[in-house]
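What follows is a single structure, written as structure tokens, with notes after it.
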Amino acid sequence: MMQVQKTPYDPVDQTGVVIDELDIGRVVTDVRERGYAIVENFLSAEQVATIRDAFDTEVPITEMKAIGTDTGRTLRAHNLLAKTRAADFVYLDPRLRAIVEGVIGKYCQINIATLFNTLPGETRQSLHQDDGLWPIPRPHPPFLCNVLFAFDEFTCDNGATHVVPFSHTWTKPVDQAIETERVEMKPGSALFWEGGLWHGGGANTTPETERMGFFISHLVSYMRPSDLQLVSVPREVARELPHKLQRLLGYYRFGNGVDGRDPLDTLHDGIVVHPEAHPAAYWRARD
Ligand SMILES: O=C(O)CCC(=O)C(=O)O
Ligand SMILES: [Fe+2]
């Protein structure tokens, strides 16, 4: 699929791009055309175990119900970037970065980073669009790109995600009874989807099998994220992070920046530590 890049904010053409044997172009095409793509074995068993262990020991669970259910049988921990460094390599993974950039463009930020555990007894979540939070008329260009990593095996019995293929371009709400595909995944596999895709977690009808997943959502840089990373991650934590992760938290220049300065410079007490910066506008396109 050839795309003509018109502005720095347009999706990056990843046709033919292969990273660590993953055909990024194919994944991006699936997400853009079908609304989602599954990448098997994105994380190794060891990586899943490491992150999971950190989550078990470092990350306090926030009591937040899953949207669209009222059972309280899904545990969630939001604001992961403030709570653990164990998953930093995932946000920065070149394959993940390339896929997200192919879907919503190079200039984006982390919208949400959540750990969730769907417990036995959780009911089916309503079908919804994650980009429905922003009241933008449809159809609209993709502005949200999400990924969900399976930490447990996702099966139809423990609530594997329901998706409605191709629905990301539809302009009318779907019938909740519409036929869906189920996304069954082994631990370490990843489901990428475009924010407009109708989807929802399934019911966990097992007696004791949990379904834990790690969710990362990305939003274009010119819109306000749902979980405001700039406020959520303390500055003393943000200051120590890799440059790219700082950008992904929202420390990039947009419009007037901070009194005309790159926000990242203010994080570093006014010292310009990186010659390149996140672009705010076409005439200042920088990384
Ligand atoms: O539980 C899942 O598989 C998906 C959850 C989801 O879509 C959401 O909470 O927005
Ligand atoms: Fe969702």
Side-chain angles (χ1 to χ4, degrees), residues 31 34-40 42-43 48 52 55 59 61-80 100 103-104 110-136 138 142-170 173-174 176 178 180-206 209-219 223 225-227:
V31 174
R34 191 173 49 147
Y36 70 100
I38 299 158
V39 181
E40 289 178 353
F42 195 102
L43 299 175
V48 170
R52 204 177 172 131
F55 285 164
V59 177
I61 300 290
T62 319
E63 290 291 336
M64 288 179 75
K65 286 181 182 164
I67 49 171
T69 80
D70 54 13
T71 59
R73 296 294 292 161
T74 298
L75 301 177
R76 291 187 169 228
H78 273 254
N79 199 16
L80 290 182
V100 171
V103 178
I104 59 170
I110 292 172
N111 175 48
I112 304 175
T114 312
L115 177 72
F116 74 80
N117 196 5
T118 304
L119 307 175
E122 179 58 290
T123 53
R124 183 176 164 178
Q125 189 181 37
S126 10
L127 293 171
H128 61 276
Q129 296 167 297
D130 289 337
D131 71 4
L133 179 64
W134 295 266
I136 313 280
R138 300 176 195 278
F143 61 79
L144 192 73
C145 179
N146 293 343
V147 56
L148 174 57
F149 297 95
F151 275 14
D152 289 314
E153 184 167 354
F154 282 24
T155 68
C156 287
D157 290 340
N158 74 0
T161 317
H162 293 259
V163 294
V164 183
F166 303 102
S167 60
H168 60 306
T169 57
W170 299 351
V174 298
Q176 287 291 325
I178 193 171
T180 60
E181 303 264 326
R182 303 297 298 275
V183 180
E184 293 192 304
M185 296 194 282
K186 299 275 187 224
S189 293
L191 166 67
F192 286 85
W193 72 97
E194 201 268 337
L197 187 77
W198 286 88
H199 70 284
N204 186 338
T205 57
T206 67
T209 311
E210 301 183 355
R211 181 173 68 98
M212 185 182 274
F214 172 31
F215 173 73
I216 308 173
S217 173
H218 285 84
L219 177 71
M223 290 169 76
S226 160
D227 292 8

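When a ligand or atom number is given, it counts from 1 through the structure's own listing order.
Remark: Gln176 CD is packed, more than 12 non-hydrogen atoms of other residues, nucleotides or ligands lying under 6.0 Å away.
Contact check for Thr118 versus Glu210: no side-chain heavy atoms found under the 4.5 Å cut-off. Looking at Thr123 and Arg73, their side chains never come closer than 4.5 Å, going by heavy atoms from C-beta outward.
For the pair Asn204 (side chain) and Glu122 (backbone), a donor-acceptor distance under 3.5 Å is absent. Of the possible polar contacts, one joining the Glu184 side chain to the Cys156 backbone as a donor-acceptor pair under 3.5 Å is found.
Atom numbering of ligand 1 starts at 1 in the shown order; those under 4.0 Å from a heavy atom of Leu148 are 3 (O). The distance from ligand 1 to the heavy atoms of Asp130 drops below 4.0 Å at these ligand atoms: 10 (O). For ligand 1, the atoms lying closer than 4.0 Å to a non-hydrogen atom of Arg211 are 1 (O), 2 (C), 3 (O). The distance from ligand 1 to the heavy atoms of Phe116 drops below 4.0 Å at these ligand atoms: 1 (O), 2 (C).
Between Val31 and Glu194, the closest heavy-atom pair is CG1-N, 3.7 Å.
Within the 4.0 Å heavy-atom cutoff, Phe215 does not count among the residues contacting ligand 1.
In terms of polar-atom proximity, defined here as any N/O pair under 3.5 Å, Thr161 does make such a contact with ligand 1. At least one N or O atom of His199 sits closer than 3.5 Å to an N or O atom of ligand 1.
With a 4.0 Å heavy-atom cut-off, ligand 1 is reached by no atom of Phe154.
For the Fe ion (ligand 2), the nearest N, O or S atom contributed by His199 is named NE2. His128 contributes atom NE2 as its closest N/O/S atom to the Fe ion (ligand 2). With respect to the Fe ion (ligand 2), Asp130 has OD1 as its nearest N, O or S atom.
For atom 9 (O) of ligand 1, the nearest non-hydrogen atom from the set His128, Arg76, Glu122 comes from Arg76.
A salt bridge is defined here as a Lys NZ or Arg NE, NH1 or NH2 lying under 4.0 Å from an Asp or Glu carboxylate O, and Asp152 with Arg52 meets this definition.
In this structure, Phe55 and Phe214 have perpendicular ring planes: the angle between them is above 60°, well past the 30° mark.
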